[in-house]
Amino acid sequence: MQYKRLGQSGLQVSALSVGSWVTYANQVNVKEAKEMLALAMDQGVNFFDNAEVYANGKSEEVMGDAIKALKWPRLNYIVSTKFYWGLGKPDSKSEGKPDSQSLGINRKNTLNRKYLMQAMDGSLKRMGLDFIDLVYCHRPDPHTPIEETVRAMSDMITQGKALYWGTSEWSADEIRAAWGIADKHHLHKPVMEQPQYNLFHRKRVEHEYARLYEDIGLGLTTWSPLASGLLTGKYRNGVPKGSRGARKEMSFLVDGLTNDAKNSAVSRLEVIADELDCTMGQLAIAWAAHNPHVSTVITGASKIGQLQDNLAAIDVLARLSPDVMAQMDRITSPLAQ
C-alpha cells in the first residue's frame, strides 16, 4: 500500500480506502463487514468512509460494531462521516431519485449549527467512538450562512469530537469562501473535499479545483472510481441481476450505466487492461489514484472477493506509463463531465 498526506495536513491516508455507501446494512452485515475490514487492514488500508445518511444511520452502526469486534488500536485507523441530510423518512417526491428512501433522507437538508452539533453526537453514539477523524459537510447549504457552518465544524474539532473537517461536492467558490472565513476568524479550516472522480467524471477535480491545491492545500478523498460499476464492463449488455443498477433505489443510475458511447469506450479500455495484465476495474481505480492531488480513492464492495480485486489496483499504479495515461485520456475525455 502507498500512503499520501491528506492535503497539507500531517495525516497519512492509504492511497486506497474502503467506503460503506449502498453496501453496509443493505448488503453487508456486521460479520461480513468485520471480515472485509480485517482484510483491508491487512492490505494496508487505514481509512474507512461512512456517512450519517447511509442506510439511515445503520451503516455507521455496522461499521462501528465491526471495528469494536476487531479490537483495533484507535491510532491505527481513520474513520469518517458526513452530515447534511439528517435521518428520517423522505417525502414521496424523492423516491426513484438519488438520495431516496433506502438512503434515509428526510429532505430537510441543512448545515445549521443545531443540526450539525446534534448530528455529530448521534454519529459518535452509533459508531461507538469518542471522536471521528474526518467529518464532512455532505453537500453545500445555500440557506445557512457559511460562517455559521464553518464555526460549527470548527467547534467540533475544538471540542475533541473530530480531528479534521472538510466538504463533499462543494464548488470551488464555496470551498474558498469557507476557508477564507476560517482563516479570517482563526478557526479550524477545511482540509479536504470528497468529490466524485473517475474516467467519465473529471472536470471538477482536474479543472474547477485546480487553484485550490496550491492556494489552500486542499486534499481529496474521491468516490465512485468505477462510475457505479460502469467501468468494470458489466453493463455493456444491459443491467445484470444482482448488480447495483438492478437495485430499485439505484434506478436513477441505469441510463448512465447503459450508455452506448461510454460502454464502447470501456471496451476500448479493456484492451489496455489486458495489456497491463489487470482487470478493467483495477485499471480504473489505479487511474484515479495516479492523480497526485488525490489523497485516497474510496472503493466499495459487497463481497470479499470484490474487495480483494479492488485493492489489487495498487499494484497497477506502477504500470501506468505516460503513454498509457495518454491512451486512456484519448478514449474517455470526449465523454467526461
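Keep in mind it's a predicted model, so treat the numbers as computed, not measured.
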For residues [X] and [Y]: do they belong to one hydrophobic cluster (side chain heavy atoms under 4.5 Å, members Ile, Leu, Val, Met, Phe, Trp, Tyr)?
X: Met63; Y: Trp85; result: yes
X: Tyr84; Y: Met156; result: yes
X: Val18; Y: Val28; result: yes
X: Leu6; Y: Ile175; result: no
X: Leu163; Y: Met127; result: no

Checklist line | Residues which pass side-chain hydrogen bond (donor to acceptor under 3.5 Å, both in side chains) with Trp223, listed by chain and number, not counting sequence neighbours | finding: Glu169
Next item on the list: Not counting sequence neighbours, which residues clear side-chain hydrogen bond (donor to acceptor under 3.5 Å, both in side chains) with Asp323? List them please.
Entry: Gln327
Value rounded to 0.5 Å, distance of [atom1] in [X] from [atom2] in [Y]:
X: His138; Y: Tyr54; atom1: NE2; atom2: OH; result: 4.0 Å
X: Gln337; Y: Arg204; atom1: CD; atom2: CZ; result: 11.5 Å
X: Ser154; Y: His185; atom1: OG; atom2: NE2; result: 11.0 Å
X: Asp315; Y: Leu276; atom1: CG; atom2: CG; result: 12.5 Å
X: Ile78; Y: Ile132; atom1: CD1; atom2: CD1; result: 13.5 Å
X: Ile146; Y: Trp179; atom1: CD1; atom2: CH2; result: 14.5 Å

Could you tell me which non-hydrogen atom of [X] sits nearest to which non-hydrogen atom of [Y], and how far apart they are?
X: Thr232; Y: Met280; answer: O-CB, 4.0 Å
X: Ala289; Y: Leu317; answer: C-CD2, 4.0 Å
X: Ala162; Y: Val135; answer: CB-CG2, 3.7 Å
X: Leu231; Y: Pro225; answer: CD1-O, 3.4 Å
X: Thr296; Y: Ser17; answer: OG1-OG, 2.8 Å
X: Gly57; Y: Leu87; answer: N-CD2, 3.7 Å

Could you tell me whether a side-chain N or O of [X] sits under 3.5 Å from a main-chain N or O of [Y], the two making a donor and an acceptor?
X: Glu32; Y: Asn29; result: yes
X: Gln2; Y: Ala15; result: no
X: Thr144; Y: Asp141; result: no
X: Ser59; Y: Ala55; result: no
X: Thr149; Y: Leu111; result: yes
X: Lys4; Y: Val294; result: yes
X: Ser80; Y: Leu134; result: no
X: Ser267; Y: Asn263; result: yes
X: Glu208; Y: Lys203; result: no
X: Glu148; Y: Pro145; result: no

Between [X] and [Y], is any pair of side-chain heavy atoms under 4.5 Å apart?
X: Pro195; Y: Leu220; value: yes
X: Trp21; Y: Ile298; value: no
X: Arg319; Y: Cys278; value: yes
X: Met36; Y: Ile304; value: yes
X: Ser295; Y: Met192; value: no
X: Phe48; Y: Ser20; value: no
X: Ile216; Y: Asp183; value: no
X: Leu230; Y: Asn259; value: no

Next item on the list: Mind telling me whether Tyr213 and His293 have parallel, tilted or perpendicular rings, with 30° and 60° as the class edges?
Entry: parallel
Note to self: Assess whether a salt bridge exists between Lys161 and Asp121, defined as any Lys/Arg side-chain N lying under 4.0 Å from an Asp/Glu carboxylate O.
What the structure shows: yes
Next item on the list: Taking the six-membered ring for Trp and the single ring otherwise, decide whether the centroids of Tyr209 and Trp170 are under 6.0 Å apart.
Entry: no
Next item on the list: State yes or no: are the ring centers of His188 and Trp165 separated by less than 6.0 Å?
Entry: no
Checklist line | Set of residues satisfying side-chain contact (heavy atoms from CB on, under 4.5 Å) with respect to Gln12, sequence neighbours excluded | finding: Tyr3, Arg5
Check: Within a radius of less than 6.0 Å around NE2 of His143, do more than 12 heavy atoms belonging to other residues, nucleotides or ligands occur?
Finding: no
Margin query: Take a 6.0 Å sphere around CG of Asp260 and say whether it holds more than 12 heavy atoms from other residues, nucleotides or ligands.
Written below: no
Margin query: Val191 vs Leu11, test: side chain to side chain contact (heavy atoms under 4.5 Å, CB included). Steps then yes/no.
Written below: CA-CA 10 Å; Val191 170; Leu11 188 66; over 6 Å; no
Notebook entry, point to check: Which salt bridge (charged side-chain N to carboxylate O under 4.0 Å, His left out) pairs, counting each pair once, include a residue from residues 61-80, with sequence neighbours left out?
Noted result: Lys58-Glu61, Arg74-Asp133
Next item on the list: For Arg211, check salt bridge (charged side-chain N to carboxylate O under 4.0 Å, His left out) against everything at least two apart and list the hits.
Entry: Asp215
Margin query: Between Arg126 and Thr81, is there a side-chain donor-acceptor contact under 3.5 Å, judged purely by atom types and distance?
Written below: no
Next item on the list: Could you list all the side chain to side chain donor-acceptor pair (under 3.5 Å) pairs where at least one residue sits in residues 36-47, not counting sequence neighbours?
Entry: Ser14-Asn46
Checklist line | Pair Val266-Phe200, side chain to side chain contact (heavy atoms under 4.5 Å, CB included): steps then yes or no | finding: CA-CA 10 Å; Val266 171; Phe200 294 129; 4.1 Å; yes
Next item on the list: Decide side chain to side chain contact (heavy atoms under 4.5 Å, CB included) for Leu124 and Asp130; before the verdict, give the C-alpha distance in whole Å, the side-chain angles of both, and the deciding distance to 0.1 Å.
Entry: CA-CA 6 Å; Leu124 289 172; Asp130 295 325; over 6 Å; no
Margin query: As a test of understanding, state which of Lys82, Gln118, Glu52, Glu60 forms a side chain to side chain donor-acceptor pair (under 3.5 Å) with Ser123.
Written below: Glu60
Margin query: Let's go through Arg202 and Asp329 carefully: what are the C-alpha distance in whole Å and the side-chain angles of both, what is the deciding distance for side chain to side chain contact (heavy atoms under 4.5 Å, CB included) to 0.1 Å, and is it a yes or a no?
Written below: CA-CA 11 Å; Arg202 302 164 52 176; Asp329 184 66; 2.5 Å; yes
Note to self: Is there a side-chain hydrogen bond (donor to acceptor under 3.5 Å, both in side chains) between Tyr24 and Asn50? Walk through the geometry before answering.
What the structure shows: CA-CA 9 Å; Tyr24 281 38; Asn50 216 312; over 6 Å; no
